[in-house]
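To find a chain, count down the sequence lines: A is the first, B the second, and so on, and within it residues start at 1. In what follows, every heavy atom counts, from backbone to side chain, and hydrogens, waters and symmetry copies are set aside.
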Amino acid sequence: MGKNIDADYIQKARHSMAHVLAKAVCQLFDNVKLGFGPPIDNGFYYDFDMPHTIKEEDFAAIEAKMAEIIKNDEEFMYKQIDNPEAFFASEPYKLELISELKAGGEEISAYENGGFVDLCAGPHVESTKELRNWGFAVASIAGAYWRGDSNRPMLQRVYVHAFPDRKELKKYQQFLEEAKKRDHRLLGNQQDLFFFDETAPGMPYWLPKGAKLYNTLLNFSRRVHEARGYQEIVGPQLNHRSLWETSGHWEHYHENMFTVDLDNDQHYALKPMNCPNAMITFGRKNRSYRDLPLRFYETSYLHRKEASGALHGLLRVQTFRQDDAHNFIAQNQISSEINEILDITNYLYGVFGLTSRAVLSTRPLEGYLGEIAEWDAAEDALKAVLNDRYEGKFEINEGDGAFYGPKIDILVQDVLGREWQLCTIQLDFQLAGKFGLEYTDSDGKRKTPVVIHRALFGSMERFIGVIIEHFAAKFPFWLSPIQIGIVPVHDAHVGYCEKIKKALEDEGFRVSLDTSEGTMGNKIKGFRHEMLPYIVIVGDAEMEQGNISIRVRNGTQCNNIPLDGFVSACKNMDKNHHLDLIDSDF
RNA sequence: GCUGGUAUAGCUCAGUAGGUAGAGCGCUCCCUUGGUAAGGGAGAGGCUCCCGAGUUCGAAUCUCGGUACCAGCACCA
């Protein structure tokens, strides 16, 4: 090819291929109106508006037509259009863009390949010839609002996977297969962790093993926060609407709240967030500057009514718990407190082997509350902290903060390189004031505290969904719902197995002994299917020597090792949250 | 909420121009008493084929409405 395949070239080629797709679709179907066709990470898409509804059956024909166009060696040529409104008269979406471009004083440019002209700023590859070795496949079809606006028409979006050669496409498709196997909904069902019922959409039922996982994680979070000076509180599930009016939720968040209307015309709502009750709790007493930072940790159940199409396994639910806290601080404690919170976050994510990056969202241009000077000071403080911690490598989303204060979001990458937003740390200059909260400063004056809303795992449900996929349900020892399975070679060994089980349980481990009928091979199969970290196997040889043999989840076999050596290894993994299983030197 | 799709045994799925449903795995029982991911044989499971209404002599199969789920969009922890 002789072309330099760098990221820019790939973008250019994908975008060129989007034109090929558009041409193919225009040739195959009648009355096609064109929207946008940009390149994306795994290829490109193009939005169409047309009477024919594209179905999966159409994919092959589209691919064949695209291949034909590519084979034709069509040159991409810049095309001067003197009267774009006339030229694109039958393309309403393009006309909209043209008028906007003109209003912005920008040039109207178009590209042509093989007689097909599309409004486009370019650049493109020289000819479809360059796309000959590319691997591409129509991936899916979906509805997408014109310009992402739910009030505007919905177009048909065709997604195409496209890579510089067929091998890479294949590799990407295999990656998708792998991701599919790790889908937490699939694994959650296979591993008996959780399920959903039609009568409670978006509200998971936790099965015994899932509940074990959930509680292990929650208790870990509790211990970490307690050690860092957080105090756990538990507020009510249901509050009278007057509370939500004070906090502003009744006005701004009503659509997302499950409300309860009583016969006596009193109205309540299930809490969608913990903050208002934390405010009430702070206000219960006179507070001194000596009490700050005051950190209330809370993991209550939250309920949020979501658009039906938004629900997605554990990653988007309607009832969930957070490792939530509200930190009340003085103005001059912002830096130190944010630093402290980022410390905890890094520690927590490190335990799971998750890497992360930070995004700072700053003051919105409109609709923000408070003084600009206060915002600027806070943003400078946050930038300084992030600069220090991430060596300048963090993103800034200008104007994307909440109306009440700037925020830091942490995005986490899992082993497959996919990114999830879990953690959010939000400064709030407004809420304490709404509740009339004050503390007495060292100079005797009454001051309003700054509040930090922060959830580090985010929602426990979403976090569990992410780590199920991250670990492919092969959890580290400390987190495994069942840590050790025991298999007797035959019935005569059951008594010895029971002794081992008791010894392990006395040390606090979660153990399962299979005394059912059936071959040991089947029992081992069952435990392996459950992804248990260790399977202890004992028969005559082990009984004689008072030892055990272990089958480690990674396939390693350790024969005739002392029980106490195994126990201390397990204790070590539990205490230090080892990511890997110890498989030697017991 | 929007666009398109799916809804049949515990799981994965097949099926019939509309005439009271099948496979594999799992499960149960019997035989096998075993040394590390499926030993052999037999059998049970759906009788509302997601729910409701309609068409029809007859609907799980057709039509309409609803619900849930799936792929996206929008929204979001």
Q) When we call it a touch if two heavy atoms are under 4.0 Å apart, what does Glu255(A) touch: a base, just sugar-phosphate, or nothing? A) nothing

Q: Would you mind reading off the distance between Ile535(A) atom CD1 and A37(B) atom P, rounded to a whole angstrom?
A: 9 Å

Q: Scan Arg152(A) against the nucleic acid and name what it touches under 4.0 Å (heavy atoms): base, sugar-phosphate only, or nothing.
A: nothing

Q.
So is the aromatic ring of Phe320(A) stacked onto the base of A77(B), judging by whether the centres are under 5.5 Å apart and the planes are under 30° apart?
A. yes

(Q) Among Phe44(A), Phe48(A), Tyr145(A), Trp146(A), exactly one meets ring-ring contact (aromatic ring centres under 6.0 Å, His included) together with Phe36(A). Which residue is that? (A) Trp146(A)

Q) Hey, does Ser459(A) reach any base, or is it just sugar-phosphate, or nothing, if we go heavy atoms under 4.0 Å? A) base

Q. Does Glu366(A) CD have over 12 foreign heavy atoms under 6.0 Å away?
A. no

**Q.** Touch class at under 4.0 angstrom, heavy-atom based, for Ala541(A) against every strand present
**A.** base

Q. NA contact type, Asp491(A), heavy-atom cut-off 4.0 Å: base, sugar-phosphate, or nothing?
A. base

Q.
Would you compute the distance between atom NZ of Lys305(A) and atom OG1 of Thr259(A) and round it to the nearest 0.5 angstrom?
A. 5.5 Å

Q: Determine, for Asp149(A) against Arg147(A), whether the closest basic-nitrogen to carboxylate-oxygen distance falls under 4.0 angstrom.
A: no

Q: Just call it for Gly148(A): base, sugar-phosphate, or nothing, with non-hydrogen atoms closer than 4.0 Å on any strand.
A: sugar-phosphate

Q: Find the distance Asn522(A):CG to A37(B):P and express it as a whole number of Å.
A: 11 Å

Q) When all nucleic acid strands are considered with a 4.0 Å heavy-atom cut-off, which category describes Val317(A): base, sugar-phosphate, or nothing? A) base

Q: Classify the side-chain pair Ser516(A)/Lys523(A) by whether it contains a donor and acceptor separated by less than 3.5 Å.
A: no

Q: Can you tell me the pairing partner of C73(B) across any strand shown, Watson-Crick or G-U wobble, with both distances under 3.5 angstrom?
A: G1(B)

Q: Give one of base, sugar-phosphate or nothing for Asp47(A), where a contact means two heavy atoms less than 4.0 Å apart.
A: nothing

Q: Have a look at Ser308(A) and say if it touches a base, only the backbone sugar-phosphate, or nothing, with a 4.0 Å heavy-atom cut-off.
A: base

Q. When all nucleic acid strands are considered with a 4.0 Å heavy-atom cut-off, which category describes Tyr159(A): base, sugar-phosphate, or nothing?
A. sugar-phosphate

Q.
With a 3.5 Å limit on both atom pairs, tell me what U6(B) is paired to, counting Watson-Crick and G-U wobble, or say none.
A. A68(B)

(Q) If the glycosidic angle sits within 90 degrees of zero it is syn, else anti. Tell me which applies to G40(B). (A) anti

Q: Indicate, with a heavy-atom threshold strictly under 4.0 Å, whether Arg462(A) touches base, sugar-phosphate, or nothing.
A: base

